[in-house]
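As structure tokens, the structure follows; a few thoughts come after it.
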Amino acid sequence: MKNLNPDSVRGTALEPTFRDIAERLEQATGGALPAAEVQLTVAPEHTGADLALACFPLARSLRKNPAQIAGELADAIAASPAVARAEAAGPYLNLSLERGALCERVVAAARERGSSYGDSERESGQRVMVEYVSPNTNKPLHLGHVRNAVLGRAVARLVASQGAEVLKTDIINDRGIHIAKSMIAYRDFAAGETPQSSGEKGDHFVGRWYVRFDQELRAERRRWDEQKGLDAAALEKLDTRKREQLDEEFQQQSELMQSARALLQQWEAEDPEVRELWRTMNQWVYDGFAQTYELLGIDFDKHYYESDIYRGGREIILDALERGVFEKAPNGAVIAPLSKHGNLQDKVVLRGDGTGLYITQDINLATIKFEEFQLTRSLYVIGSEQDFYMKQLKATLELLGVPWASEVHHLSYGMVYLPEGKMKSREGTVVDADDLVHELRAMAREELEQRLGDGGERPPDEELERRALAIALSAITFNFLLVGRETDIQFDPRSSLAFEGKTGPYLQYTGARIASILRKADEAGGWSAPSPLVLESDAEWRLVQAVALYPLAVADAAQSYDPARLATALFELAQSFNALYHDHRVLDAEEPQRSSRLALLEAVLAVLRGGMGLLGIEALEEM
RNA sequence: GCGCCCGUAGCUCAGCUGGAUAGAGCGACAGCCUCCGGAGCUGUAGGUCAGAGGUUCGAAUCCUCUCGGGCGCACCA
């Protein structure tokens with residue numbers, strides 16, 4: 001149930017109503033329930049009331065049973081001009097609000113503020129960085145990246161809506177053994193082919209060589225196994241430890257792996273030829289990524305490149321070692337003794353040979369971020385598979401004693417599984433981001449064609465394409481954002497690609513319907529909102545409530561970094577509108593109902609558009 | 001082996017810090033276009049909330065155990 005409390009209603013149209021009720025409750029309880037601590041919930045449907053107060057918690061301090069308390073409070077609250085009816089239902093105090101004034105305030109607020117309705121200043125003065133997507137530059141973006149991208153964008157917008165200054169960034173993992181692999185395969189097998197010559201998108205092109213490397217490596221492995229007299233059946237029988245040993249042994253002596261490692265060393269030694277190839281191939285990937293981001297509508301304020309920062313972090317760590325915060329292992333490696341300060345395992349932060357690890361550069365990058373931008377908070381949108389690592393990173397930063405360590409937050413999100421299980425790019429069982437969008441766009445285009453059939457003028461092809469893309473993207477975006485951030489997703493192509501039911505297109509359709517009505521009203525000579533508004537039906541009241549509660553949903557989603565809270569609220573708003581639409585006429589209603597409803601629809605459309613915008617969905621005027 | 005997470009309708013998921021009769025979408029079934037956009041609306045069926053204990057006035061929610069699944073576990077990224 002949604003909660004109304006002094007903070008959540010602050011600055012909203014509900015605030016005066018809430019404050020009046022809260023003050024009366026404080027008085028009626030003789031201060032046992034201070035106004036500042038009042039928590040009202042939205043009353044369940046079957047009660048017929050709007051808000052409710054559970055009286056159990058008061059029983060102790062007032063030394064009465066909850067039902068009796070509810071009864072006594074009902075009398076006190078009934079006197080409020082904001083309340084139409086107050087009655088006890090067992091231990092609950094149910095309140096029905098005086099609708100008139102509230103409708104007026106809610107509708108006016110949404111119409112006046114338009115798409116910024118729901119914004120607040122809770123986070124003003126905060127400077128927040130959101131790191132998201134952060135791809136490797138050896139293969140194209142896939143479904144997992146899409147979830148990350150869509151989530152990161154929505155979180156960034158939500159946090160910004162609360163008044164914070166937001167910086168979007170990614171760390172591009174552009175070096176390392178995985179990059180060396182695609183370079184080796186390209187150098188040895190591509191015979192000078194390029195994305196241009198093959199007519200392929202750069203990231204897909206490079207990804208193909210990454211896969212090729214893996215194929216060649218497997219072939220090498222098979223030959224190796226054969227030499228050792230190991231067939232599939234024999235391998236099958238080995239226990240995991242033995243198998244890992246074999247894997248390790250193979251990796252060590254593999255020719256391909258050796259050349260990949262050699263290449264990586266050349267890269268680190270800044271061998272000009274290797275660097276040149278690396279730059280060329282990375283550029284192909286960046287060009288490909290740029291197209292995908294453009295398609296999805298994803299952007300960044302600042303890119304960080306692993307190749308720029310991977311050497312850093314040593315000084316910080318050595319300094320901590322000197323201060324006695326970190327410890328030295330027998331072989332010279334530096335470890336963060338996390339087990340002494342919590343229940344985490346110790347973490348090696350610098351190798352025995354003095355070279356850095358992933359966490360070394362992560363410490364470096366975290367520092368760079370806070371120093372470069374004077375951040376007050378740093379958010380990392382990274383999958384739940386990294387939960388443990390991210391805990392270690394944060395604990396390590398805390399150990400280092402940097403003042404901002406507590407402002408590093410891991411926005412963990414659930415994995416994306418296909419019907420056949422986990423995606424593995426090397427095995428080709430991935431849903432490619434570009435393919436996904438193109439496929440859905442084609443489906444949306446087909447739907448559009450079908451619906452265009454009977455009469456009316458046909459929009460130009462360009463426009464139809466634009467709409468098809470917006471519809472497709474709304475489907476993808478909403479599908480990912482509707483489920484809780486931390487929930488693993490079973491990506492079922494059938495339901496995930498649907499346009500009906502609880503989907504992005506449903507929101508689009510609802511918005512387009514409302515826009516259409518408002519357009520017709522303008523064409524019919526315009527209108528202006530009457531005062532007072534005449535909104536008497538329950539269906540209208542439900543819509544007003546949804547509009548009134550919208551800012552609470554935005555704040556809730558922003559504070560929990562979970563756009564699903566908002567996505568759900570928007571869907572329910574759309575449902576309420578569609579229900580109203582079904583049995584209430586708007587354009588040919590009598591005045592003052594007609595213009596009252598138009599005003600309400602304008603408010604609803606503002607919410608729908610604003611909310612979709614926060615989720616990263618472009619609302620269409622027409623479908 | 002250890003750690004973290006999860007198990008709610010046939011399927012996919014909500015259920016926010018414990019609170020009233022556990023909800024939605026899809027699927028199934030039955031309806032609704034002389035009417036503002038049917039990508040819509042209305043209704044029906046479908047639940048021992050994995051199981052067993054416990055705490056509480058009250059548990060899907062908190063604790064313990066069992067079963068089932070996922071992810072991760074030091075000098076990979």
Side-chain angles (χ1 to χ4, degrees), chain A residues 1-3 39 41 43-47 52 54-57 59 65-66 89-92 94 136 173 175-178 306 310 329 331-336 338-339 343-353 355-362 383-389 391-392 412 414-415 417 422 444 447-448 450-451 471 479 482-484 486-492 494-496 498-510 512-518 520-521 556 559-560 562 564-565 567-568 571-572 575 578-579 581-589 601 622-623:
Chain A
M1 251 130 281
K2 288 149 199 158
N3 277 329
Q39 287 243 357
T41 59
E45 185 83 40
H46 66 89
T47 58
C55 297
F56 304 96
N65 74 61
Y92 295 92
N94 288 335
N136 292 346
N173 300 115
R175 51 133 252 136
I177 194 71
H178 53 290
E306 189 183 337
Y310 83 104
N331 70 346
V334 179
I335 53 181
L338 304 180
S339 59
N343 47 5
L344 292 169
Q345 292 166 28
D346 292 352
K347 182 74 183 170
V348 175
V349 290
L350 209 55
R351 284 197 190 93
D353 63 8
T355 58
L357 288 85
Y358 194 77
I359 194 169
T360 317
Q361 68 150 3
D362 247 356
S384 61
E385 56 200 339
Q386 308 249 35
D387 282 356
F388 184 70
Y389 170 74
K391 273 185 198 163
Q392 286 186 315
S412 175
M415 322 254 322
Y417 295 100
K422 198 178 178 180
E447 291 281 327
L448 282 173
Q450 277 175 22
R451 285 155 217 273
I471 291 165
N479 190 257
L482 185 63
V483 307
E486 302 203 63
T487 305
D488 290 343
I489 289 182
Q490 305 295 328
F491 189 83
D492 173 16
R494 207 179 44 245
S495 65
S496 303
F499 293 152
E500 288 168 12
K502 214 166 180 175
T503 65
Y506 177 85
L507 296 186
Q508 292 283 21
Y509 179 71
T510 305
R513 253 182 166 180
I514 297 173
S516 164
I517 294 171
L518 292 172
K520 287 190 168 126
D556 185 26
Q559 279 162 5
S560 58
D562 190 356
R565 309 280 178 87
T568 303
F571 175 73
E572 285 169 359
Q575 259 187 330
N578 282 313
Y581 175 89
H582 185 72
D583 39 34
H584 292 273
R585 305 289 302 169
V586 177
L587 290 176
D588 40 15
L601 291 201
E622 289 177 79
M623 267 178 94

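Below, read A as the first sequence line, B as the second, and so on, with proteins coming before strands; counting in each chain starts at 1.
Remark: the separation of the C1' atoms in B:U42 and B:G70 is 40 Å, to the nearest Å. Rounded to the nearest Å, the gap between the C1' atom of B:A74 and that of B:U66 is 32 Å. The gap from the P atom of B:C4 to that of B:U12 amounts to 27 Å, rounded to the nearest Å.
When the side-chain nitrogen and oxygen atoms of A:Y389 are compared with OP1 and OP2 of B:C76, none of them lie within a distance under 4.0 Å. The phosphate of B:G37 (OP1 or OP2) has a side-chain N or O of A:K520 nearer than 4.0 angstrom. For B:C41, one of the phosphate oxygens OP1 or OP2 lies less than 4.0 angstrom from a side-chain nitrogen or oxygen of A:Y506. OP1 or OP2 of B:C5 has not a single side-chain nitrogen or oxygen of A:S384 nearer than 4.0 Å.
Counting distance only, with no hydrogens placed and no angle test, the side-chain atoms of A:N331 and the base atoms of B:C75 include a donor-acceptor pair under 3.5 Å. A donor N or O paired with an acceptor N or O is found under 3.5 Å between the base of B:A20 and the side-chain atoms of A:N94.
The aromatic ring of A:F388 does not stack onto the base of B:G3, failing the criterion of a centre distance under 5.5 Å from the six-membered base ring together with planes under 30° apart. Per the stacking criterion (ring centres < 5.5 Å, plane angle < 30°), A:F56 stacks onto the base of B:G19.
Distance A:E500 CD to B:A24 P: 19 Å, rounded to the nearest Å.
Taking the O4'-C1'-N9-C4 or O4'-C1'-N1-C2 dihedral as appropriate, B:C33 has a value within 90° of 0 and is therefore syn.
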